[in-house]
Amino acid sequence: MKQDERKIVFIDIDGTLVGNDGIVPMSAQIACKIARENGHLLYLCTGRSKAEVYDAIWEIGFDGLIGAGGGYVESNNQVIYHKKVMPEDVQHMVDFFNEHKIDFYLESNSPLYASEHLKPHLEQLVYGDVINDSAAREKMENSPHPFITGLTYGETNLYKDDVNKVCFLESQVPFQRIKEEFEGKFEVIQCTVSLFGEDSGELMIPGIHKAIAIADLLDHLNESREQTVAIGDGMNDAEMIEYCSLGIAMGNAKPGLLEIADDITDTVEGDGLFKSFIKHGLIPKQNSSYTF
């Protein structure tokens, strides 16, 4: 493949590469593997921190990662940069969330630190009533969700100095109230994991988003913006969808993203990533005969 024919593809994870079950569909796995075999570069571009990119995802094969919504960039195992939250801002956030009984977790590049009551809240959301419902309990025991098992629990001191960003679950505190509390300190956006609730959210370092990280990575790689493709589903994908030469929204994407995308594909469950790769020539059309 000629270099000017090679695409650099930026792929969101939640709602794009994986569904609510945390599993990458076989169709998406095959699409990514064939695209790389054809010479295209594939980068994960996600709100997740590196600790949330599990081995099962890396084993599919990617050239690097833009993580923490753009705060962390690596390519071919080389860290380009890593931006962290100021310790005093971490303390402010931890104290506020604990005072208002908001369940949350801190994202670093190693552990994901869970707040005191996060685990039962997540288990209720993912499995159901695991205490009183035997079917829910059996689901938890037989099909543990990788996100829940990947968190670090029981940490008494959450004033950490290596925090990339913070996620919080829906609570009795309105999203707008949380946004006002951290005005000027954090960029507060709606969470892209629908399971966490409409008023869930993410606290990010201001001035960081995926498009800035993509531009920085392209400079590092000496690659052209004209060769870029982005695919996502949430509003934290908006900047990269608009920045990249081709911006694709999943069928399950937020309405605001559907409005600005160059193209719309199917949902995660409908093999949307695979179909978009076929449509836009990242994998040959003869592969469209695959059955999953």
Side-chain angles (χ1 to χ4, degrees), residues 13-14 18 20-23 46-58 65 67-69 71-72 82-173 175 178 181-182 185-186 188-189 191-197 199-205:
I13 295 182
D14 294 292
V18 307
N20 279 334
D21 59 1
I23 305 299
T46 176
R48 294 191 187 195
S49 290
K50 188 173 182 179
E52 295 175 272
V53 183
Y54 309 117
D55 290 345
I57 293 176
W58 280 119
L65 166 69
Y72 175 83
H82 183 191
K83 300 176 181 178
K84 303 175 187 178
V85 179
M86 297 292 290
E88 59 267 28
D89 293 335
V90 175
Q91 182 170 341
H92 175 194
M93 181 277 308
V94 169
D95 291 345
F96 177 84
F97 282 179
N98 284 337
E99 178 187 348
H100 292 86
K101 297 181 170 56
I102 299 170
D103 297 322
F104 65 96
Y105 59 95
L106 307 177
E107 297 188 17
S108 74
N109 271 19
S110 43
L112 302 178
Y113 299 103
S115 63
E116 183 178 1
H117 303 292
L118 180 68
K119 188 175 184 181
H121 192 164
L122 287 174
E123 289 175 344
Q124 174 70 35
L125 292 173
V126 173
Y127 308 121
D129 186 353
V130 297
I131 296 175
N132 300 305
D133 184 345
S134 59
R137 191 162 55 252
E138 183 178 347
K139 181 181 177 183
M140 180 179 70
E141 293 169 353
N142 295 336
S143 303
H145 196 288
F147 173 70
I148 295 179
T149 58
L151 287 163
T152 295
Y153 303 99
E155 186 71 30
T156 55
N157 178 17
L158 292 179
Y159 296 160
K160 302 299 181 183
D161 61 4
D162 62 341
V163 175
N164 301 329
K165 57 190 278 282
V166 183
C167 288
F168 60 90
L169 274 58
E170 188 172 55
S171 69
Q172 296 300 311
V173 182
F175 177 85
I178 297 171
E181 175 69 23
F182 297 104
K185 294 291 185 181
F186 289 99
V188 185
I189 65 170
C191 187
T192 58
V193 182
S194 59
L195 197 67
F196 290 175
D199 269 3
S200 62
E202 303 179 13
L203 277 66
M204 302 174 60
I205 300 170

Quiz item: Between S200 and V193, does a side-chain contact (heavy atoms from CB on, under 4.5 Å) hold up when you go through it step by step?
Solution: CA-CA 8 Å; S200 62; V193 182; over 6 Å; no
Practice problem: Would you confirm whether the ring centroid of H92 sits within less than 6.0 angstrom of the ring centroid of F182? | Solution: yes
Quiz prompt | Ring centroid separation Y105 to F147 under 6.0 Å | solution = yes
For the atom pair [atom1] ([X]) and [atom2] ([Y]), what is the distance rounded to the nearest 0.5 Å?
| X | Y | atom1 | atom2 | answer |
| --- | --- | --- | --- | --- |
| M86 | D161 | CE | CG | 11.0 Å |
| D129 | E123 | CG | CD | 11.0 Å |
| T149 | M140 | OG1 | CE | 12.0 Å |
| L106 | F168 | CG | CZ | 13.0 Å |
| S134 | E141 | OG | CD | 10.0 Å |

Looking at side-chain heavy atoms only, is the closest gap between [X] and [Y] below 4.5 Å?
| X | Y | answer |
| --- | --- | --- |
| T46 | L65 | yes |
| E107 | E52 | yes |
| L151 | L122 | yes |
| L169 | L125 | yes |
| E202 | V188 | no |
| Y127 | H145 | yes |
| L203 | F104 | no |

Quiz item: Under 3.5 Å, is there a donor-acceptor pair linking the side chains of N164 and N109?
Solution: yes
Quiz item: Going by atom types alone, do D95 and Y159 pair a side-chain donor with an acceptor below 3.5 Å?
Solution: yes
Non-hydrogen atoms of [X] and [Y] that approach each other most closely:
| X | Y | result |
| --- | --- | --- |
| D103 | L118 | CB-CD1, 3.8 Å |
| V53 | I13 | CG2-CD1, 4.1 Å |
| R137 | N132 | NH1-N, 4.3 Å |
| S110 | A51 | O-CB, 2.5 Å |
| E170 | D199 | OE2-N, 3.1 Å |
| A68 | M204 | O-CE, 3.7 Å |

Practice problem: Ignoring hydrogens and angles, tell me if any N or O in the side chain of K84 forms a donor-acceptor pair with the backbone of S108 under 3.5 Å. | Solution: no
Give a yes or no on this: more than 12 heavy atoms of other residues, nucleotides or ligands lie within 6.0 Å of atom [atom1] of [X].
| X | atom1 | answer |
| --- | --- | --- |
| E181 | CD | yes |
| Q172 | CD | no |
| H117 | NE2 | no |
| K185 | NZ | no |

Self-check item: CA sep, side-chain torsions, deciding dist, call: F97, V173, side-chain contact (heavy atoms from CB on, under 4.5 Å)
Solution: CA-CA 10 Å; F97 282 179; V173 182; over 6 Å; no
Quiz item: So, is the end of the K50 side chain (NZ or CZ) under 6.0 Å from the ring centre of Y72 and within 45° of the ring's axis?
Solution: no
Exercise. Could you walk me through whether F186 and I178 pass side-chain contact (heavy atoms from CB on, under 4.5 Å), step by step?
Key: CA-CA 10 Å; F186 289 99; I178 297 171; over 6 Å; no
